Structures are given as structure tokens and as C-alpha cells.
Amino acid sequence: MFNSSFGKLSLTQPAFYIPLPQHSLVDVIAHSYGILPGQEPVFSVLLDYLLALNPTVKNPRIALGSHAPRTLDFISHDPQTILCMNPEVVKARIRRVVGCC
């Protein structure tokens with residue numbers, strides 16, 4: 001299981017990340033995937049996918065408040081796996097989850 005210190009093992013923390021109201025989508029990427037802003041192009045790709053999954057989030061740096069964001073765990077928890085996939089396939093899966101087009 002992981003704690004909030006990216007990648008360190010802990011027996012007291014759950015293996016999944018639950019964002020706090022003051023967290024943003026940027027924080028979700030950092031906590032869930034261990035990717036920080038500036039780690040391009042990985043960060044931008046993950047951010048694009050998360051914004052597509054969370055169409056009500058207009059600014060990825062603003063606190064989520066009571067919004068529980070969808071993450072890419074239904075594809076993979078490993079960002080390298082997601083990045084190796086065809087972006088059109090990923091977007092099609094996201095559209096099915098979001099329920100549009």
C-alpha cells in the first residue's frame with residue numbers, strides 16, 4: 001500500500017488515493033500516477049485524459065471541492081501503459097465511461 005509520499009510502502013495507508021476537497025486534478029495526477037507538472041509530455045497527456053473524464057472540471061489547478069474525480073484506473077494505474085496505448089483507443093474508452101458521443 002502507498003502513502004502520500006509517492007511510492008513509499010505503508011501498512012497504515014490505503015493503496016488508492018482519495019483526493020481531499022482542496023486537491024486539484026494536478027494533485028490527482030501527482031498522487032495517483034507519481035507524475036509532476038513539468039514531466040512532459042507525460043503530464044500533459046494524463047491531464048488531457050483526466051479533463052476528458054471530468055468534463056465539469058474547467059480548471060485543473062482549482063480545488064475539486066466535493067467533486068469526486070474519475071481517474072484512469074479502468075485503463076491502467078501505470079502511466080507508462082496508458083502512454084503506450086493508441087490515444088484514439090483511450091479517448092474512445094473515456095467517451096464510453098463519460099457516456100457521451
Side-chain angles (χ1 to χ4, degrees):
M1 292 192 241
F2 295 97
N3 65 18
S4 61
S5 308
F6 313 112
K8 293 189 177 181
L9 289 175
S10 168
L11 298 177
T12 61
Q13 298 293 326
F16 52 89
Y17 165 67
I18 301 171
L20 298 174
Q22 66 268 25
H23 288 170
S24 66
L25 278 185
V26 170
D27 297 318
V28 171
I29 294 170
H31 283 88
S32 294
Y33 306 104
I35 305 296
L36 301 173
Q39 290 180 277
E40 299 299 340
V42 178
F43 181 83
S44 292
V45 171
L46 292 173
L47 183 58
D48 286 344
Y49 291 158
L50 284 180
L51 284 169
L53 270 171
N54 298 281
T56 60
V57 176
K58 302 302 180 200
N59 184 335
R61 297 189 184 281
I62 299 294
L64 294 167
S66 62
H67 178 75
R70 293 180 176 122
T71 63
L72 295 162
D73 292 342
F74 69 97
I75 296 173
S76 172
H77 188 71
D78 175 26
Q80 298 309 318
T81 300
I82 297 168
L83 295 171
C84 290
M85 295 178 70
N86 179 331
E88 294 308 314
V89 171
V90 174
K91 290 175 187 174
R93 290 177 76 177
I94 289 171
R95 283 192 294 273
R96 283 194 302 269
V97 168
V98 173
C100 77
C101 322

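A quick note: this is a predicted structure, and the numbers were derived from the prediction, not measured. Residue numbers count from 1 along this sequence.
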TODO: Side-chain contact test, heavy atoms from C-beta onward, threshold under 4.5 Å: evaluate it for T81 versus I75 and give yes or no.
DONE: no
Donor-acceptor pairs under 3.5 Å, side chain of residues 83-92 to any protein atom, not counting sequence neighbours: which ones?
{"residue": "N86", "atom": "OD1", "partner": "E88", "partner atom": "N", "Å": "2.8"}

Considering only distance and modelled atom types, tabulate donor-acceptor pairs under 3.5 Å from the side chains of residues 38-53, sequence neighbours left out.
{"residue": "Q39", "atom": "OE1", "partner": "L36", "partner atom": "N", "Å": "2.5"}
{"residue": "E40", "atom": "OE1", "partner": "S44", "partner atom": "N", "Å": "3.2"}
{"residue": "E40", "atom": "OE1", "partner": "S44", "partner atom": "OG", "Å": "2.5"}
{"residue": "E40", "atom": "OE2", "partner": "S44", "partner atom": "OG", "Å": "3.2"}

- [ ] Could you grab the distance from atom NE2 of H31 to atom CG of L20, nearest 0.5 Å is fine?
- [x] 8.0 Å
TODO: Enter the distance from I29:CD1 to T71:OG1 here, rounded to the nearest 0.5 Å.
DONE: 11.0 Å
TODO: Apply side-chain contact (heavy atoms from CB on, under 4.5 Å) to D27 and Q22, showing your working.
DONE: CA-CA 9 Å; D27 297 318; Q22 66 268 25; over 6 Å; no
Task: S32 OG to L72 CG distance, which is reported to the nearest 0.5 Å - done: 9.0 Å
Return all side-chain donor-acceptor pairs below 3.5 angstrom for residues 59-69, not counting sequence neighbours, or 'none' if the list is empty.
{"residue": "N59", "atom": "OD1", "partner": "R61", "partner atom": "N", "Å": "2.9"}
{"residue": "H67", "atom": "NE2", "partner": "N54", "partner atom": "OD1", "Å": "3.3"}

